[in-house]
Each structure stands twice: as C-alpha cells, then as structure tokens.
There are 2 protein chains.
Amino acid sequence: MVTLAEVAQHAGVSASTVSYVLSGKRSISAGTRQRVEQSIRELGYHPNAGARALAGKRSNIIALMIPLRTDLYVPVMMEIAIAVATTARTHGYDVLLLTGEEGPDAVRRVTGSGLADAMILMDVELEDERLPLLRGTDQPSVLIGLPADTGGLTCVDLDWSATGALCGEHLAGLGHRDIAVIGEAPAVYERHTGFAERTLDGLRSAARETGVRLLHRPCEGGYDAMALTLARVFDERPGTTGFVVQNESAVEPLLALLRQQGRAVPEDVSVVAICPDQVAVQASVRLTSVAIPAQEMGRRAVERLVAKLDGRGGDEVVLLAPELTRRASSGPAPAAD
Amino acid sequence: MVTLAEVAQHAGVSASTVSYVLSGKRSISAGTRQRVEQSIRELGYHPNAGARALAGKRSNIIALMIPLRTDLYVPVMMEIAIAVATTARTHGYDVLLLTGEEGPDAVRRVTGSGLADAMILMDVELEDERLPLLRGTDQPSVLIGLPADTGGLTCVDLDWSATGALCGEHLAGLGHRDIAVIGEAPAVYERHTGFAERTLDGLRSAARETGVRLLHRPCEGGYDAMALTLARVFDERPGTTGFVVQNESAVEPLLALLRQQGRAVPEDVSVVAICPDQVAVQASVRLTSVAIPAQEMGRRAVERLVAKLDGRGGDEVVLLAPELTRRASSGPAPAAD
DNA sequence: ATGAAAGCGCTAACAA
DNA sequence: TTGTTAGCGCTTTCAT
C-alpha cells in the first residue's frame, strides 16, 4: 500500500505539501505540483479513506436509506438510487446503501459513527419515526418524499397534488364527467406514504372546480384484482369514461380488460397514467401520462445535500412540477347517449 | 462527539479495555464489562468508523457495483441489492453503492483507498474489463453472473443453462414439437452478458435430446415489437405451440396478442416464462415459470464474500439450481390436425 | 511557497 | 484480567 509519506519522499517534498497538492487548499509552485503529481501517478497512490475521515472529520460519504419493501415503484426507486450514486460521485461523494430494515437505528449508527457526512431518506411516511432523530442532529439530510410536518427539514418530491390536478383537468377538459381513480394497494394508503393522499387531494380539487364526479378505488394490482375493481367501478358508475391510474401493476391489466369488454381506448374510455415514461410507452396503448421524474429527484436531492454540506442554503421544500404527456390513450369523451 | 477515551474514563478503565469489550478479542471480567457497557449506553457512544478503519485496517464495508443501465431486470437488480445490504448488515458490514459508470476505475479507487474491504460485482459480462483488476488484487470479490473464464474468481449465478434445459424439457414433455424462444433485446446479446447465451444453450441441448424444433427471436419488448416478432414466428413456423419467454417486458404483450389472435393459453399454445415470481403471478394468465432467485443470489454472494474475508473458503463457482413452477400457462400440446 | 509536528480516535502488541 | 503505548495515514495549524 502506497502512503502519502512515500509519495512525499519520492517527490522530495514534505508530507504536507503532498496533502496540499491534493486538496488545493494552498498555492503550490508549478514545478512542485508537477513532481508530486508525477510521483502519485508512478506509485499509483490512493489516499486512505479511513485516515482521511479521521483527520479531516468528513468521510465524503452520503448515506442513502432505501425502503425495504419491493412492492412499490421498484424501478423508480432503483432509478433514484442510481441517480443519487452518479450525482454524488460528481461531487466527490460515495454512497452508502442502507435499507429500511434497521429503521431509526441506522440513522443513529451512521450519524454517531461518522460513517457518512449526510443522508438521504427515501419512502418517507407522513409521520416518519426517523424524523425526530434528523431534527435532533446537526447532520445534514434530505428527504425524498414529504412528511406531514416539513418544519426544519429539506425535502424533494414530485408535486403530487399538482399531478392529481393535472390529470383531472386533462380529462375534464376533454369532456369527461365521470372519472375513476385506480390507486395503489390499500396497504400503501394505510402506510400513510403521503404521495397517494396528495394525488387524491389534487384530483378532488380539480374535480370540484370542473364539476366532475370522482370515484376512487385502491387496487392490489395484477389481472384478477383489477378485474374485480373494474367490475365494481362500472357497476357503481356505469357512465365512467375516464380513468386515472396510479399503480404500475394495474396499468396493463386495465387495458387488457377494457379491450376484452369491447371498450375502445380512447374512443370509449380515456386513460391517464401516473407512472414512469418507460411503462407509458411500452404499454399496449401508448399512454397519456404524468411521468415520475426519478432521476431528477435523485439529482436534486444530492445537490441540496451538497449545498448544505458546503454551508450554502438551508431547509427548503423542493416540489417538482409535473408534466403531462399526451399520447394515444386519452381523447374527447364520447357523446352522451 | 463521544470518544472511546471518554467512555473509558467514565467507566474507570483504560481505553484498551473498552476496545476489547467492544471487539470481544480478550476476556473481560463480568463486572468490568457491565460498567463499560453501562457507560457506553449512558454516553451514547458510537465508535468512529474512520479511526477504526485506520487502526484496524478494515473498513467493514463491502462495495456493490450495480449496472448503470435500467433496461434489464430492474426489479431483480433491486432485489439483489437489497438482499446484499441486509445480509451484509447481518455480518456487520455496510454496503457502498457503486454504479457501473466509473467502470474499472471504481475498482481501483475502492481497492486503493481501503474504502471497502471487498466487492461484489453485478451484471458481469463474458469478457468483463474489470476482471483483470480483480485477479491482480488481493481484495476478495464475488461476481454475480458468470464471465467466460472463471479461473481464480468466485461467482454466484442462477444455472441459466439448466434453466433453459428445464423449460425445454417441460414443453417437450407436454408434447410440444415446435418451440419459439422470445429473448431479450438484441442489445443484451450484443453485450455478451452470458446469461442469455447460456439459457439458449440449455434450450438447444434439451431440444436436441427431445427432438424438438427451436426458433429463437430476440425482442425489444413492449407491445409493438412483440407483435412484429410474433407475426414472424408464426409466419416461419405456423405449427408453433410452445413459447419460452425470457424478457419481462414481452410477457404481457405476448399474452395479449395471443388472446387477440384467438389462441387460447394453454389449450392452443403453452407459455413458459423466465422471470421473477411476482411477474409470473400477476400476469393475465398465471404463468408457468422459472423464477430468478434474486434474494438468494444476493445472500449467497455476501456469504461467500464474508467467508473469504474470514479466511475461510476460496474461489468457487456457485450455480443455483433452477426451479420450474407449473401454473396455468402450460399444458399438453393440442392434437395435431 | 514549503516544512515540521501535533493530533484525529482507535487497535493491538507488549507489559504487568 | 487489565493497563500502557506505539502507531495507522492523513489534515492542519504554526513556523519559516
């Protein structure tokens, strides 16, 4: 293993000079810098992370807490995680992967041990038990998702309420008067993850303003569950012509079932999905959708965090504006009989 | 920040005693242990990770390199990553998340800096450029996936060849004589990821032994691409009655298209999928499938790695035996006309 | 512009 | 069974 001292000796300078060449924290003559950099390359020197963390009081590591469950938005979670990792590297940080399993203990362990300089929490619930710990520490953190009380916290999330409103307005604008909302599994609502409720709020207020009727039904996803849900919807509201789907694993089953029932999309029924673009494009009908900007969320979270670590900027709630892309699944409501 | 020295003082012992209480590397009298543990709790002490790594020469961190692409088996990747993280914690390790972006450089950086004690590589290609580096270092590593040459390496993977054979034998056993294989996107084959080719090898040898005809077609996935592929298959082999699908995003489109063409599953056509169980169960027809044991792969990889770190066990290739679950999508071949 | 030296908090000989 | 002490490799004052 090559040490800084060896590099120093090889370059004929002192250890501190090598350190400063590396950190750029004081000016170095061109010649010295050259020789040091040369030695570093020749010897294949890599600074020891532990020693750095100990002496420098920062590990250059960001902890990322991902949810343990794999029932919800897995590709989105993955995309966020990847975006976090790549963006973090861009700023000189590595990413430590924590699962929700340890729960609040993980927060204590990481803050206490100096393993990470800061953390990003995903899958935040409205009354998340990790929040008191975060508020009680001086370690910077960013949440992806919005808890009920955002006081003293930095959060990044899609503006779900605006997303719901956007979907509602789109369908209302096309003349639909009866809209069904196919939501996530009931467990998601029970968990109080926030985004589901917020989307619904947005939809409701849009419905109110446009005079549209809304029927909300959580759905486990999968073909059978969707079949049941769909039957109930048409039973209760036979005049339904618009669907908003916020459940990846219900999208394709819904389309298949509508087809099977002889309801054409978008001639008879319009469908708007809230899902990753990839899903919207690969579906059997190209779906009008609001995308979940996973990459953007990961990137923004890291950027906020780095800003905090650099002493720039404080707490802030960043809500990303939703964008609706019109594709083949939505059109004018059919003329009433 | 609480240090070991403070704990020692509080408990009225020396620093080394505290250290040994923590590591268990020498016997401590019950009374002393009590007092030390008490002090640790009272003061809320957490050992400093950097100092530990520096003095102890191990960081207790495992690096996990995940693929940057999100085109392939995303939920599987995520499940593996989560299994790695939770299993690692079980053994006292944390996980550092590296993306493929840095490529071989990441390996150098991590090995060189002592950031991680060992690494796990996912998405290994047949001629992976990271392999020479791994062979040239004394840092333990485990690959998830099989390169062309496994000499001097430890690998964990599903036995894809046996998987292919299992699918082929299942359909052959049901009397199918013409089988079509819907594979991953062409890009996957071009990338030489190994698993795709190996599956095909297994299928081919099963076909040879059972006298079945095989037609292999890569497919981009999605509805449109699948429609095209399917048309070509029936064009070329009108008597096709069996399908093996190794492409998550082709599964549901295939089922929808068959339905649309009036081909009943499994009465007219049988379908066997190679995919996560969740996909098989949620499909519009419950699919006979070989599951991809993501959790098991992650867990086994960590266990092999920890064994190596503890000086137990050396290089080894662990191939997990595939298991085929019969569901509703496969049945006897229809009687020939 | 550069060097010398004092730690950072912990582990692991070496002593007792 | 416990204490003393010398580092681990780096950063950062304080000097020059």
Side-chain angles (χ1 to χ4, degrees), chain A residues 1-37 39-40 43-61 92 94 109-117 309, chain B residues 1-37 39-40 43-61 92 94 109-117 309:
Chain A
M1 198 211 155
V2 188
T3 69
L4 183 148
E6 295 174 303
V7 174
Q9 187 167 19
H10 186 256
V13 298
S14 72
S16 59
T17 298
V18 177
S19 177
Y20 283 120
V21 166
L22 253 27
S23 69
K25 288 188 180 171
R26 82 180 182 192
S27 46
I28 304 284
S29 72
T32 307
R33 153 166 290 121
Q34 294 277 314
R35 274 179 302 129
V36 170
E37 284 169 348
S39 300
I40 288 178
L43 302 180
Y45 168 72
H46 284 273
N48 179 284
R52 267 206 162 157
L54 180 56
K57 300 189 177 324
R58 27 178 41 258
S59 63
N60 282 293
I61 289 179
D94 272 293
R109 196 167 59 81
V110 167
T111 10
S113 66
L115 229 189
D117 299 329
L309 283 165
Chain B
M1 199 212 154
V2 189
T3 69
L4 183 148
E6 295 174 305
V7 174
Q9 188 167 20
H10 181 105
V13 297
S14 73
S16 61
T17 297
V18 177
S19 176
Y20 284 119
V21 166
L22 254 28
S23 69
K25 287 189 181 170
R26 80 181 183 191
S27 47
I28 304 283
S29 73
T32 307
R33 152 164 291 119
Q34 294 277 314
R35 274 180 301 130
V36 170
E37 283 169 349
S39 300
I40 288 178
L43 302 181
Y45 168 72
H46 285 273
N48 179 283
R52 265 205 163 157
L54 181 56
K57 300 191 175 326
R58 22 176 46 258
S59 63
N60 282 294
I61 289 178
D94 271 293
R109 196 167 58 82
V110 167
T111 33
S113 66
L115 228 189
D117 299 329
L309 283 165

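Chain A is the first sequence line, chain B the second, and so forth, proteins listed ahead of strands; every chain is numbered from 1.
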Student: Could you give the side-chain donor-acceptor pairs of residues 15-22 of chain B under 3.5 Å, partners two or more places apart or in another chain?
Tutor:
from: B:S16; atom 1: OG; to: B:S14; atom 2: OG; distance (Å): 3.1
from: B:T17; atom 1: OG1; to: B:S14; atom 2: OG; distance (Å): 3.2

Student: How long is the line joining CD of B:E6 and C1' of C:dC8, in whole Å?
Tutor: 13 Å
Student: I want to check one thing: is the phosphate of D:dT11, taken as OP1 and OP2, less than 4.0 Å away from some side-chain N or O of A:R52?
Tutor: yes
Student: Separation of A:I40 atom CD1 from D:dC10 atom C1', in whole Å?
Tutor: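 Computing the A:I40:CD1 to D:dC10:C1' distance gives 13 Å.
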Student: Under 4.0 Å from any atom of DNA chain D, heavy atoms only: list the residues of residues 14-30 of chain B that qualify, in numerical order.
Tutor: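 DNA chain D contact set from residues 14-30 of chain B: B:S14, B:S16, B:T17, B:R26, B:S27, B:I28, B:S29.
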Student: A:R58 CZ to C:dC8 P: how many Å, rounded?
Tutor: 19 Å
Student: Could you give the CG-to-P distance, from A:N60 to D:dG9, as a whole number of Å?
Tutor: 19 Å
Student: Grab the CD-P distance between B:Q9 and C:dC10 for me, whole Å please.
Tutor: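 Value for this atom pair: 14 Å.
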Student: Around A:Q9, counting heavy atoms of other residues, nucleotides and ligands shown, do more than 12 lie under 6.0 Å from its CD?
Tutor: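 No, not enclosed.
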Student: What I'd like to find out is whether the side chain of B:L115 reaches to under 4.5 Å of the side chain of A:I61, using heavy atoms alone.
Tutor: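 They are in side-chain contact.
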Student: Nearest-Å distance, CG (A:L4) to P (D:dT12)?
Tutor: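 Answer to the nearest Å: 12 Å.
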Student: If I take atom CG in residue A:N48 and atom C1' in nucleotide C:dC10, what distance separates them, rounded to the nearest angstrom?
Tutor: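 Between C1' of C:dC10 and CG of A:N48: 13 Å.
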Student: Please walk me through it: do A:R33 and A:E37 pass side-chain contact (heavy atoms from CB on, under 4.5 Å)?
Tutor: CA-CA 6 Å; A:R33 153 166 290 121; A:E37 284 169 348; 3.6 Å; yes
Student: Does any pair with a residue in residues 46-59 of chain B pass side-chain hydrogen bond (donor to acceptor under 3.5 Å, both in side chains), and if so which ones, sequence neighbours excluded?
Tutor: B:R58-B:Y93, B:S59-B:D117
Student: When rounded to the nearest 0.5 angstrom, what distance separates NE2 in B:H10 from CD1 in B:I40?
Tutor: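 Answer rounded to 0.5 Å: 10.5 Å.
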Student: Let me know the distance between CG of A:L54 and P of D:dG7, rounded to the nearest Å.
Tutor: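 From A:L54 CG to D:dG7 P: 17 Å.
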